[in-house]
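Structure record follows, encoded as structure tokens.
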Amino acid sequence: MAKDKTSELIEKRKKKANSLRDSHIDLFPNNFRVSHTIMDIRDALKKEPDRLTEDTPVFAVAGRIMAINRFGKAAFIRFTDRTGQFQAYVRRDRVGDESFGFFKLFDIGDFVGLKGGVFKTKTGEWTLLANEVRLLCKSTMPLPEKFHGLKDPEKRYRKRYIDLIMNPGVRDIFIKRSLIIQTVRRFLLERDFLEVETPMMQPIPGGAEAEPFITHHNALGIDLYLRIAPELYLKRLVIGGFERVFEVNRNFRNEGVSTQHNPEFTMLEFYQAYATYEDLMDLTEQMLRDVASSVTGSVIVNYQGSTINFDKKFKRMTLLSALETIGGVKPELIKNKEKLFEFASVKGINITKIARPGKVITKLFDVLVEPHLIQPTFITGYPVEVSPLSRRSDEDPAVTERFELFIAGKEIANGFSELNDPQDQKRRFLQQAEDRAAGDKEAHFMDEDYIEALEYGMPPTAGEGIGIDRLVMLLTDAASIREVIFFPHMKPKGSKPFSA
RNA sequence: GGGCCGUUAGCUCAACCAGGCAGAGCACCUGACUCUUAAUCAGUAGGUUGAAGGUGCGAUUCCGUCACGGCCCA
């Protein structure tokens with residue numbers, strides 16, 4: 001909405017701020033010492049309510065005013081700090097005439113410092129009886145309505161701070177997000193994994209099939225890519241002797257946005273030497289069980305109307321058997337390339353010239369099976385063509401020792417025994433390079449330096465990536481990834497986008 | 001990229017189908033009020049209806065275009 005004049009509401013709030021300033025009230029002081037949080041007061045009320053009176057002990061507490069009920073010479077205010085919400089009673093005969101006069105100019109949204117004891121109101125609510133009320137920060141922008149809050153999704157995402165002020169549920173989601181990452185970190189640290197950081201800017205973007213963002217380094221005079229995955233660097237660390245490493249950090253993929261995709265997203269990747277993909281499936285089960293119970297208090301989680309059970313042993317099945325039993329695709333069809341491609345076309349899959357059977361089979365799986373995998377399910381037996389970094393199966397060299405984990409119809413994790421044969425790795429990269437030359441923008445780049453690293457020898461290793469945003473969605477019952485990312489990317493609105 | 005829906009006061013929403021002075025609640029402002037909690041009572045004020053066009057005597061309403069967003073599909 002283009003508007004050149006400030007609304008009357010804002011003007012009035014600014015006037016109040018000016019009139020306080022004219023009375024020599026500091027609008028932005030920083031000398032109020034907080035002695036207690038709201039939670040501290042509540043704890044004290046729980047533990048020793050008999051010892052608390054309206055005179056002693058005195059709590060010095062601060063927060064943002066969320067509601068004011070004024071009664072002429074007294075007022076109730078509701079205020080919040082990081083630990084919760086509490087009520088204070090401000091009486092003129094208690095705080096003094098001058099202070100009460102200034103208090104009349106306080107608005108919803110202002111920060112206040114309060115000092116006083118506690119008492120119980122007629123309706124039985126514990127309330128802080130203020131001896132002192134001080135302005136800690138004047139707010140000139142009006143907050144949304146207290147009852148309905150802020151609902152407009154566009155404004156919620158663009159101005160997340162208002163969303164956080166008004167909608168406590170949003171705050172809870174992000175607290176849970178933090179707890180999930182902490183729990184994952186603790187889980188891995190307990191198992192002797194080392195947390196590391198590897199380049200976000202890479203000369204060759206590797207480790208995934210995705211289109212990268214490109215940037216330029218002036219001093220080095222080279223283009224760099226924002227990483228699409230940390231994989232090849234983490235494996236270089238395994239080669240260097242760090243047998244167990246993990247990284248929780250951002251990946252960037254230059255793709256569309258949707259309820260399931262944000263151009264930057266958070267991925268956990270971890271690598272364990274002398275382990276197999278089967279070991280990692282076991283580890284993943286334990287990790288998710290641990291995270292689910294730490295964060296939600298239960299191993300049974302409700303997600304968008306489904307009940308997800310993290311307690312039972314996760315199902316395991318191969319890609320082909322899932323296609324047959326869940327997708328209803330007959331094994332004969334998969335063996336016949338022509339019929340397979342025809343069938344895939346009918347199912348709406350875009351068969352390009354470069355399509356390889358393994359790719360088509362995987363796409364068919366995405367369409368026919370993935371949405372039906374509600375309970376945690378490991379799918380194994382991925383074709384070698386779609387798994388250029390995975391070790392081949394000893395039984396069948398056409399498939400790899402790889403799994404993906406699906407929960408609630410979403411891909412949550414992808415792990416495999418790592419390919420550590422440099423010659424085979426080189427052949428796989430060459431095949432990818434062919435696909436890239438044929439127009440597949442998502443095919444892997446050749447990375448000679450990585451091949452050389454493998455030639456020094458990487459111990460047998462298994463590695464895995466877990467999409468943290470999707471895991472957070474699952475555990476917070478969020479339908480859109482935008483609900484679990486503080487500042488999801490959107491097109492700029494109003495002013496013209498910045499350009500250098 | 002395609003389909004459907006949305007954009008009206010600071011916020012949440014009406015009015016649009018079937019064109020005729022753009023309304024309400026909360027918030028704000030004035031007054032009353034020292035136990036409220038979506039406080040109450042009385043009064044006042046607040047609008048370039050996302051943008052620029054078209055049709056009409058008249059457009060928030062009908063038409064096409066654009067911008068941004070939501071959901072679904074690719």
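Values in this document were obtained by computation on a predicted structure and should not be read as measured data. All heavy atoms count here, side chains included; hydrogens, waters and symmetry mates do not. Note on naming: letters A, B, ... go to the chains in the order of the sequence lines (proteins, then strands), and numbering restarts at 1 for each one.
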| Side-chain N,O (A:R158) to OP1/OP2 (B:G69) below 4.0 Å | yes
Report, one line per pair, each donor and acceptor closer than 3.5 Å where one atom sits in a side chain of residues 59-75 of chain A; sequence neighbours left out.
{"from": "A:R64", "atom 1": "NH1", "to": "A:G109", "atom 2": "O", "distance (Å)": "2.8"}
{"from": "A:R70", "atom 1": "NH2", "to": "A:F106", "atom 2": "O", "distance (Å)": "2.8"}

| query | Could you give the CG-to-P distance, from A:N262 to B:G70, as a whole number of Å? | reply | 11 Å
| Output field: ring centroids A:F314/A:F403 closer than 6.0 Å | no
| What integer distance in Å separates A:K122:NZ from B:C35:P? | 6 Å
| When the ring planes of A:F445 and A:Y225 are compared, do they come out parallel, tilted or perpendicular, using 30° and 60° as the limits? | tilted
| Within the structure shown, what part of the strands sits under 4.0 Å from A:G149 by heavy-atom distance: base, sugar-phosphate, or nothing? | sugar-phosphate
| query | Under 4.0 Å: is that the gap between some side-chain N or O of A:K151 and OP1 or OP2 of B:C11? | reply | no
| field | A:F416 ring center within less than 6.0 Å of A:Y382 ring center | value | no
| How long is the line joining CG of A:N69 and P of B:U40, in whole Å? | 8 Å
Could you list the protein-to-nucleotides 26-30 of chain B atom pairs, N/O on both sides, closer than 3.5 Å?
{"from": "B:A27", "atom 1": "OP1", "to": "A:K146", "atom 2": "NZ", "distance (Å)": "3.0"}
{"from": "B:C29", "atom 1": "OP1", "to": "A:K16", "atom 2": "NZ", "distance (Å)": "2.3"}

| field | Side-chain donor/acceptor of A:D93 to base of B:U34, under 3.5 Å | value | yes
Protein-nucleic acid N or O pairs under 3.5 Å, nucleotides 71-74 of chain B:
{"from": "B:C71", "atom 1": "OP2", "to": "A:R482", "atom 2": "NH1", "distance (Å)": "2.9"}

| message | Between the side chains of A:E8 and A:K12, is the shortest nitrogen-to-carboxylate-oxygen separation below 4.0 Å, so that they form an ion pair? | response | yes
| Out of B:G70, B:U34, B:U12, which has the shortest distance to the side chain of A:L150? | B:U12
| query | Which ones in residues 73-81 of chain A lie close to RNA chain B, meaning a heavy atom under 4.0 Å from one of its atoms? | reply | A:K73, A:A74, A:F76, A:R78
| Under a cut-off of 3.5 Å for both distances of each Watson-Crick or G-U pair, what dot-bracket string does RNA chain B give, using [ ] for crossing pairs and | for inter-strand pairs? | (((((((..((((......[..))))..((((.......))))......((.((..]....)).))))))))).
| query | In terms of side-chain heavy atoms of A:K155, which of B:G10, B:C35, B:G69 is nearest? | reply | B:G10
| request: Name all residues meeting the side chain to side chain contact (heavy atoms under 4.5 Å, CB included) criterion together with A:I361; count only those two or more places apart in sequence or in a different chain, and write none if there are none. | output: A:L319, A:L320, A:L323, A:I334, A:L340
| task | Mind checking A:F119 for me? I need base, sugar-phosphate or nothing, with any heavy atom below 4.0 Å counting as a touch. | result | base
| task | Determine the interatomic distance between P on B:C4 and the same-named atom on B:C16; round to the nearest Å. | result | 23 Å
| said: Base of B:U7, side chain of A:E154 - is there a donor-acceptor contact under 3.5 Å? | reply: no
